[in-house]
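Here the structure is laid out as structure tokens; the discussion comes afterwards.
Order of the sequence lines sets the chain letters (A, B, ...), proteins ahead of strands, with each chain counted from 1.
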Amino acid sequence: MSKFRFFDLNPEQQDAASHEHGPLLILAGAGTGKTRTITARIAWLISQGVDPAKIMAVTFTNKAAREMKDRIAGMVDPDQAKAVTASTFHALCVRILRGDANRLGYKNNFSIFDEGDQTGLIKKVITRVCAKDEKIDHNLAKSLISKAKNSGLNASTDENSLAGAVYRRYQEELHSLNAMDFDDLLVQAVKLMEEHPEVRDKWRARIEQLMVDEFQDTNGLQLRMVGLLASGDPPNVCVVGDDDQSIYGWRGADVSNILEFERHFPNPKVIRLEQNYRSTNAILGAANRLIRNNPRRRGKNLWSPQQGGEPVRIIAVPDDRKEAEFIVEEIAAHRRSQNLPWEHFAIIYRMNAQSRLLEENLRKHKIPYRLVGGKSFFERREIKDIMAYMTALLNPSDDQSLLRIINTPPRGIGATTVELALSHSVEHRQSLYEALRHDLFLETCTRKAADAIKRFTDELEETRIRVSTPGAPIAEIISTLIENCDYMEDMKRTCKTPDEAMNREENVREMIRALDEYQKRSKDGLQGYLDEVSLDREREEDKAETALGVTLITMHAAKGLEFPHVHLIGVEDGFLPHDRSKAEGTVDEERRLFYVGITRAMKSLIITWCRARVKFGSPMHCLPSPFLQEIKGEHVEEETYEEIMSRPMGEEDIMAQFAKLRAQLSG
DNA sequence: AGGTGAGCATTTTTT
DNA sequence: ATGCTCACCT
């Protein structure tokens with residue numbers, strides 16, 4: 001290891017990067033160069049002769065996986081970098097399951113149900129299982145099911161309860177559709193490896209060094225998976241995380257995985273990364289003072305050699321409208337006086353709903369902004385349609401996909417016919433598709449309906465054969481399928497504006513184009529492409545890195561990001577420790593959430609709270625978050641809106657006033 | 001089918 | 001205030 005370049009790592013980072021065998025726990029505080037360290041470790045392992053193809057890095061997001069691969073590519077030989085696997089938990093599970101799901105009674109061509117598909121199926125199950133007067137809320141059922149799955153295979157299904165009945169029925173339905181939801185991918189992959197050690201061993205043999213990023217966000221199943229995949233004795237597993245940034249408990253993440261790492265992987269080497277390369281000491285001081293109020297933590301103190309910096313400001317403002325106005329003007333003045341790009345500013349809040357007032361004010365001032373998150377990008381009808389066509393081709397048992405496309409576009413197979421087919425399929429214990437191909441069924445239909453069905457299924461059959469021919473031009477074939485049924489025309493017909501039609505059409509074309517490119521770079525065909533699309537819903541805001549401006553983002557979504565100048569808004573009691581989390585007893589997690597927010601800031605941090613705000617339509621009195629008491633100390637200033645407004649104006653403020661006037665005149 | 005209105009709850013969302 | 005769901009209507 002003498003000759004290895006350590007890429008400017010500090011001593012602790014070097015220690016972590018050059019650990020060779022056995023469990024390693026890297027406690028990496030915010031901004032301490034975590035990614036740099038693990039990628040350097042990968043480079044180091046390769047330099048020590050570890051086969052890059054036997055290094056596996058598991059992340060939570062595709063973005064993180066891509067970033068890691070990119071960073072590695074900058075450190076080692078390109079071929080070696082390409083051989084390293086960086087994958088999300090879910091994508092890895094799909095790879096495992098595509099090989100051997102048949103051992104669990106699924107077919108290897110199972111469909112992946114996204115949240116929308118899942119909700120649809122749960123709703124259907126509820127109408128079947130529940131009496132009219134005691135319907136269980138489908139959102140509740142969904143979260144119950146998810147919790148049950150994530151907490152482990154043996155979780156009781158509540159034999160007698162209604163929720164238990166819904167769960168069991170839902171699972172049966174999924175199975176008969178040959179489909180898995182996101183949680184199932186984990187459940188089934190773990191089950192597969194636990195019940196079939198030879199499958200586990202096959203994967204273990206391919207993994208000599210296993211790394212897990214954001215370990216504080218793992219749930220029980222993911223922990224088990226790590227245990228199954230790690231090879232060596234003691235296992236060569238390196239996990240990286242920060243217990244203080246565990247903010248996904250409500251989604252099933254279990255902090256005890258990282259807190260009690262030693263229990264799962266005895267005698268690990270534990271390394272703390274505490275030197276922070278991101279923030280001023282003013283900001284770190286506030287963060288440290290806050291987080292030390294949490295019980296049950298490994299304990300860590302972020303420090304930085306750079307001195308104080310701008311004080312952290314806590315500002316009380318009269319109400320949420322004034323808050324939004326104030327912040328936007330503050331940003332405008334700040335960026336004007338120091339000639340900064342808008343991208344240096346972020347406004348971070350607890351709830352998406354809080355973005356609205358900010359957006360209004362930013363628009364009024366003609367300030368560019370990008371809103372991260374929200375739900376608007378998710379469900380694009382046309383994309384789901386095309387995916388349903390592809391899914392139905394690959395997995396004919398998937399009634400849901402088939403139902404989606406059977407009369408989209410309208411092809412003369414109406415609701416009545418579908419109902420008939422469905423009951424026929426239930427009676428004969430077939431899939432819907434089998435029923436449609438069944439002469440016995442076709443005879444019960446009208447001549448017209450039977451013809452329509454025949455045309456439809458024949459086309460699917462033919463396409464399936466063409467697609468499964470090795471080397472076939474898949475994108476072209478799918479494109480033809482869609483052309484032939486006039487999908488586009490029908491889709492455009494149902495659009496309200498020509499603009500919308502254009503947009504959707506472009507989405508479909510993009511989808512086909514992406515399929516074509518996928519085929520060029522991969523041998524996994526249509527199935528592989530569908531998996532990728534299902535598990536990697538590229539969010540537009542990530543893709544469009546060119547459209548920049550002030551960032552509006554929730555604290556959750558901000559984890560892992562950094563901004564020179566940060567505003568944390570709406571830091572009020574009942575809002576930041578959210579009332580709901582107080583009731584649920586998860587205030588610690590709220591404190592960590594605030595900690596995440598604070599540690600996003602590099603140079604300046606301004607925290608505001610409102611004395612009143614409009615809640616549920618009516619104005620309510622508010623108190624400051626109790627967390628604000630905790631961060632007070634050196635380099636933290638408290639002010640009020642009134643004090644700031646009554647201060648004599650400096651030149652900058654005058655300029656800002658002009659800017660405001662100008663904006664008002666033109667807006 | 002697809003649109004309209006009453007009724008209702010109202011955090012966060014990597015896959 | 002607002003957005004979403006479900007039931008009912010055209």
Side-chain angles (χ1 to χ4, degrees), chain A residues 58-67 87-94 112-119 123 126-127 132 135 137-140 142-143 146 149-150 180-187 189 213-214 216-219 221-222 245-253 320-321 348-357 372-378 407-408 410 414-416 494 496 531-539 542 553-561 570 574-584 586 589-590 592-594 596-597 613-620:
Chain A
V58 187
T59 62
F60 275 84
T61 66
N62 293 289
K63 195 174 153 213
R66 275 192 290 269
E67 265 170 31
S87 161
T88 64
F89 273 103
H90 294 265
L92 175 60
C93 288
V94 170
I112 299 169
F113 271 29
D114 71 11
E115 227 161 306
D117 305 323
Q118 186 188 22
T119 306
K123 277 187 186 168
I126 287 172
T127 56
K132 281 183 205 76
K135 276 195 180 165
D137 174 54
H138 63 82
N139 288 313
L140 180 68
K142 195 168 83 174
S143 81
S146 184
K149 287 185 177 178
N150 283 126
M180 300 191 197
D181 62 24
F182 285 147
D183 295 326
D184 276 338
L185 296 176
L186 296 168
V187 173
D213 193 17
E214 305 281 13
Q216 77 282 354
D217 292 336
T218 52
N219 62 32
L221 279 167
Q222 287 158 332
Q245 292 186 73
S246 164
I247 55 174
Y248 283 104
W250 52 276
R251 256 186 135 270
D320 45 349
R321 294 192 76 91
I348 306 183
Y349 38 80
R350 177 66 225 263
M351 284 190 299
N352 286 121
Q354 289 173 269
S355 70
R356 259 200 46 217
L357 284 174
V372 179
K375 298 240 144 159
S376 46
F377 316 97
F378 269 65
N407 213 28
T408 304
T416 331
T494 59
K496 290 205 175 71
D531 286 349
E532 193 174 271
V533 176
S534 307
L535 296 177
D536 188 5
R537 4 190 42 167
E538 48 183 337
R539 313 191 68 166
D542 286 341
I553 193 169
T554 64
M555 295 187 186
H556 280 91
K559 194 181 74 168
L561 306 177
F575 228 73
L576 189 37
H578 196 277
D579 278 328
R580 211 116 137 195
S581 68
K582 289 199 234 174
E584 288 163 14
T586 54
E589 184 158 304
E590 298 283 300
R592 293 193 289 262
L593 191 55
F594 191 28
V596 166
R613 78 162 53 238
V614 179
K615 247 183 191 170
F616 309 145
S618 48
M620 305 265 286

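Two rings, from A:Trp250 and A:His556, have their centers less than 6.0 Å apart.
Residue contacts for A:Gln222: at a heavy-atom cut-off of 4.0 Å it reaches no nucleic acid atom on any strand shown. Looking at heavy-atom distances under 4.0 Å, A:Arg592 makes no contact with the nucleic acid at all.
For A:Thr554, the listed nucleotide lying nearest its side chain is B:dT12; candidates were B:dA1, B:dT14, B:dT12. Counting only heavy atoms from C-beta on, A:Ala415 has its side chain closest to B:dA1 among B:dT15, B:dA1, B:dT13. Between B:dT10, B:dA1, B:dT15, one nucleotide has an atom nearer to the side chain of A:His90 than all others, and that is B:dT15. Checked against B:dT15, B:dT13, B:dA1, the side chain of A:Leu535 finds its nearest nucleotide in B:dT15. The listed nucleotides are B:dT12, B:dT15, B:dT14; the one nearest the side chain of A:Asp217 is B:dT14.
A salt bridge is defined here as a Lys NZ or Arg NE, NH1 or NH2 lying under 4.0 Å from an Asp or Glu carboxylate O, and A:Lys142 with A:Asp181 fails to meet this definition.
Rounded to whole Å, atom C1' of B:dT13 lies 15 Å from atom CD of A:Glu214. For A:Asn219 and B:dT14, the CG to C1' distance is 12 Å, given to the nearest whole Å. Atom CZ in A:Phe89 sits about 11 Å away from atom C1' in B:dT15, given to the nearest Å. Between the C1' atom of B:dT14 and the CZ atom of A:Arg66 lies a distance of 12 Å, rounded to the nearest Å. Taking atom CG of residue A:Leu576 and atom C1' of nucleotide B:dT12, one finds them 11 Å apart after rounding to whole Å.
Residues A:Glu590 and A:Arg592 fail the side-chain proximity criterion, which asks for heavy atoms closer than 4.5 Å.
C:dG3 and B:dT14 have their C1' atoms separated by 25 Å, given to the nearest Å.
Distances shorter than 4.0 Å separate none of the side-chain N or O atoms of A:Asn150 from OP1 or OP2 on B:dT15. Within the 4.0 Å cut-off from OP1 or OP2 of B:dT12, not a single side-chain nitrogen or oxygen of A:Ser581 is found. Close to B:dT14, at under 4.0 Å from its OP1 or OP2, lies no side-chain N or O of A:Asn62.
For the side chain to side chain donor-acceptor pair (under 3.5 Å) test, residues two or more places apart in sequence or in another chain that qualify with A:Lys582 are A:Asp573. By the side chain to side chain donor-acceptor pair (under 3.5 Å) test, A:Arg321 is found to be paired with no residue, residues two or more places apart in sequence or in another chain being considered.
The span of DNA chain C lying next to chain A, judged by atoms under 4.0 Å from heavy atoms, is bounded 5' to 3' by C:dA1 to C:dC6.
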